[in-house]
Structures are given as structure tokens and as C-alpha cells.
2 protein chains.
Amino acid sequence: MKSPPAKVDPRVRRTRRALRDALVSLILEKDYASITIKEITERAETAYITFYRHYETLDQLLMEILDEGLAELLTRIETLAKQSDASDLETEGRLIFEYIGQKADLFRILFKSQSVARVRKKVVRDVAMIFQRACTPLARLDNPVTINVTSNHISTSLLSLIEWWLDNDMNPPPVKMGKVYKSLIIDSTVGAVSSLSTMSV
Amino acid sequence: MKSPPAKVDPRVRRTRRALRDALVSLILEKDYASITIKEITERAETAYITFYRHYETLDQLLMEILDEGLAELLTRIETLAKQSDASDLETEGRLIFEYIGQKADLFRILFKSQSVARVRKKVVRDVAMIFQRACTPLARLDNPVTINVTSNHISTSLLSLIEWWLDNDMNPPPVKMGKVYKSLIIDSTVGAVSSLSTMSV
DNA sequence: TCCTTTTTGTTATACTGTGAAACAGTATGT
DNA sequence: ACATACTGTTTCACAGTATAACAAAAAGGA
């Protein structure tokens, strides 16, 4: 990584922030596929060519936005998941959905831009990795197929649940979503895994 | 609908089939976003403007392909799900995955073209509707939120499982995927629903 | 403050893809 | 064989991508 903040030109910081903000606001108000570089640079009040001086493609800019925003959620889930044997799963779920509620815009962007297949795959893999690390020790998952299919299932289920919640105008509130999370995402999977791992899948 | 087959000009049938086949083969070999109308018409050995004489957009042609191909899977799942209380869930799962294995190309196209967010939403809704109809009577689901969140969960989980299976070169075989389907998709959800419906979610 | 370096703005350009027009040619069913 | 409907060719205006050259402005060190 970059240990010192690596003194970056303030003009570059301004330009990049303007471009990011412009893309974010555009994704929130129209279809991602219909967004053009020209629109972004106009909204960012910068020259068209300036975009290409910082990014090669539109997807690259999108990735930068998502990577930045998702890093916090991922570490948050990871922290919660690691201590999940001891702590309350309902509370874990509630905290996740409270965080998502706070950063609702970011997650709306995430799901709208899943139109880019690569983005979706990457996010699913990132989340799956976390649950894989967190769940492997406590369950008796010696079979690699079971581990893969399970972590993929938890990851996609959680993301789908979040997407459903946002589409449903963030109802019900986080407290109840915590209960849904516990029973639908975690408990049910744990139950299924124990029946799966006793057979030669 | 169109009760009689509505006598369609054989030239139109040929042209449309050529365009569909061309798009299918193109999606299987390259990124959907990079496919152009010109490429399709060239591969279909037809004139560029002919495309626009039959379809308004590329997405419309894609939708026609998927609607046609998915209709059979949907009715198949629906038939199986309706008699699921009596029949064997493992067999139900096996049959689903055997069918998917037969039509693997179609499903690869489906997941590749989920890049179009609208396509994804529609398919999820279609599958969710089926499970909603099938599951409502047998479980005690009086709460509309529980019904929605559950059918959405089953739908997205099943689609994710299918996508994972295709990405994993259709391993393990359908027999084992039937077991995974039963425990991970159905049993686990049924268990979760009973705990959810006893509380005021 | 001055001077050098880096970034940004302006303008121009080549290229690709979209979507539609007019008109000529060809296949179809009766 | 005929009117009808479909398809092919050519042409066009337009929008968006990606790059280049040169001028203008901002940043940071001496």
C-alpha cells in the first residue's frame, strides 16, 4: 500500500472528487447504461478530456467509488462475523442494516451498477470470502464444495436481502431486519450445512 | 394472447430466427455490452436495417430470447412446486438441475445478460411469484412482509445457486445438487419462516 | 516573488455505432 | 400472374468515444 499519504496535487484531488460526485449523482437519477462521459464532465464542470487523464473507462471510475464505499462495510461485517459465536446474531443483523440505512445512497448505486456483471461478481466474491473465513472454523466443513456453495449462498442471499430492503423503501426497520437476517440468512444456512456435511456432497 | 398461430410470413420467421441465433452465439462468445447491431445482422446474414424492422432495441431481442427459453423452466418449477408437499424435494431439485444442464447455453446467456439490470429484476420477480403461489397455502404466512421477503429469498437463492453451478462447470452433478437444493433452498427457508411468522415482523 | 513543473482547458479530428429515409429488388399466398 | 409484404442497398444526420497539439492556469520549491 501507500504508507505516506503520498502528497497528491490538490488539483487532482478536486478533479477526481468532482468526477466521482458527478457519476454518483447521475447513477442515482438515471440508468447507468445511458450515462456518458460527456454528461459526467459537464456536471463535474471540467473538460471532457480531463476524464481520460484520470480514468481509462467509466467502469474504472465506478469501481473506485464502490471500492472506497464498500471497504468499510466489509470490515464491519468481518468484525461482527468473527465474534458471532459469542455475540447476538440478531444484533449483528440490526447493526448491518442500520449501517446500510446510513449509507443508503452508496448501496443504491451498488445495486444499480450491478448492471456491470464484473462489479456484481466481485462484490459477491468479497462478501463470500468474509463469511468463508468466519464460518469455516465453527462448522464442520471439511468438504470444499460445501464451503464454496455455502459461502456463496450466504453472500448472495444477504446482498439480495439488502437489495429487497432498499427497493422496499427500507421497511421494515433495522430491528426487524435483524431478526430476518438471523433466521433467514444465518440460522437456516447453519441448519442446512449440518445436514449437507453429513452426506458426501 | 394469439389464439391461432396467427399465420406469420415465413420470411419473417426466418429473419427473426436468424437474428435470435446470431445474438445467442455472440453472447456466448463475447461480452454482451460490446455486441453491436451490425455484428448481429452480419452474422444473421441480413441487412442492417432489417433489425429495426423487427425490434426497437437490442434488449427487446434479448428479452424475446429469454422469455421464450425461460417459460418452460418456469412452468416446470411451478408444476413441481405445486405438488411439493407430497413429492420428494430432492427429486424436485434434481429435475430442475437436470433441465438446466440440458439447456445450459440458455442459462449462461441469462446470467451473462443479467448485466441488464431490468432483465435480472424481471426474472427474479417471475420465479418469486411461482414460489409465492406455491408456498402460501402450506405455510402459515399471514404477514405480507414475510411472504415477500421469503419468496424473494427463495428466488434469488435458487438463481444464485444455478449461476454458481454453471460457473463451477456444472459440478457436482444434478443428483447432489438436488440434495443441496432441498436443504439449502427449501428446508432452511421453511424452518426460518416458521420462526419468523411467530413474531411480529 | 519568480520560475519550473504539472495539471487543466480549448479546439480539432478520426472513428464507430445508432436510427431512419428513399427506392429498388425479391419472395409469398391466392 | 399478381398485388402485397418483406428484404437489400445506399445514403444520411447525429451522438459518443478516444486521442492529439497547443495555450492557459495553478501548484510548489528556490
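Within every chain, numbering begins at 1; the chains are lettered A, B, ... in the order of the sequence lines, protein sequences first and strands thereafter.
Atom CD of Glu42(A) and atom C1' of dG9(C) are 14 Å apart (whole Å). Distance, Leu19(A) CG to dT8(C) C1': 12 Å, rounded to whole Å. Across the protein-nucleic acid pair, Arg14(A) atom CZ and dA25(D) atom P stand 15 Å apart, rounded to whole Å. Rounded to whole Å, atom P of dT19(D) lies 11 Å from atom CZ of Phe51(A). The distance between atom CZ of Arg13(B) and atom P of dT28(C), rounded to the nearest whole Å, is 13 Å.
You'll find the side chain of Arg16(B) reaches within 4.5 Å of the side chain of Arg20(B), heavy atoms only.
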(request) Do nucleotides 11-26 of chain C as a string where each nucleotide becomes B, S or -: B if the base has a protein heavy atom under 4.0 Å, S if just the sugar-phosphate does, - if no protein is that close. (result) ------SBB-BB----
Enumerate donor-acceptor pairs with a distance under 3.5 Å from any side-chain N or O in residues 160-167 of chain B to protein atoms, sequence neighbours excluded.
| unit_1 | atom_1 | unit_2 | atom_2 | d |
| --- | --- | --- | --- | --- |
| Ser160(B) | OG | Thr156(A) | OG1 | 3.4 |
| Ser160(B) | OG | Thr156(B) | O | 2.8 |
| Glu163(B) | OE2 | Lys121(A) | NZ | 3.4 |
| Trp165(B) | NE1 | Met170(B) | O | 3.4 |
| Trp165(B) | NE1 | Pro172(B) | O | 2.6 |
| Asp167(B) | OD2 | Lys121(A) | NZ | 2.5 |

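Other residues, nucleotides and ligands place no more than 12 heavy atoms under 6.0 Å from the NZ atom of Lys38(B).
One finds a side-chain N or O of Thr50(A) lying less than 4.0 angstrom from the OP1 or OP2 phosphate oxygen of dG9(C). When the side-chain nitrogen and oxygen atoms of His54(A) are compared with OP1 and OP2 of dT8(C), one or more of them lie within a distance under 4.0 Å. Note on Thr15(A): every side-chain N or O is 4.0 Å or more away from OP1 and OP2 of dT7(C).
Between Asp67(B) and Lys122(B), at least one side-chain nitrogen of the basic residue sits less than 4.0 Å from a carboxylate oxygen of the acidic one, meeting the salt-bridge criterion.
Between the side chain of Lys103(A) and the main chain of Gly69(A), no donor-acceptor pair closer than 3.5 Å is present.
By the side-chain hydrogen bond (donor to acceptor under 3.5 Å, both in side chains) test, Thr91(B) pairs with Asp88(B), sequence neighbours left out.
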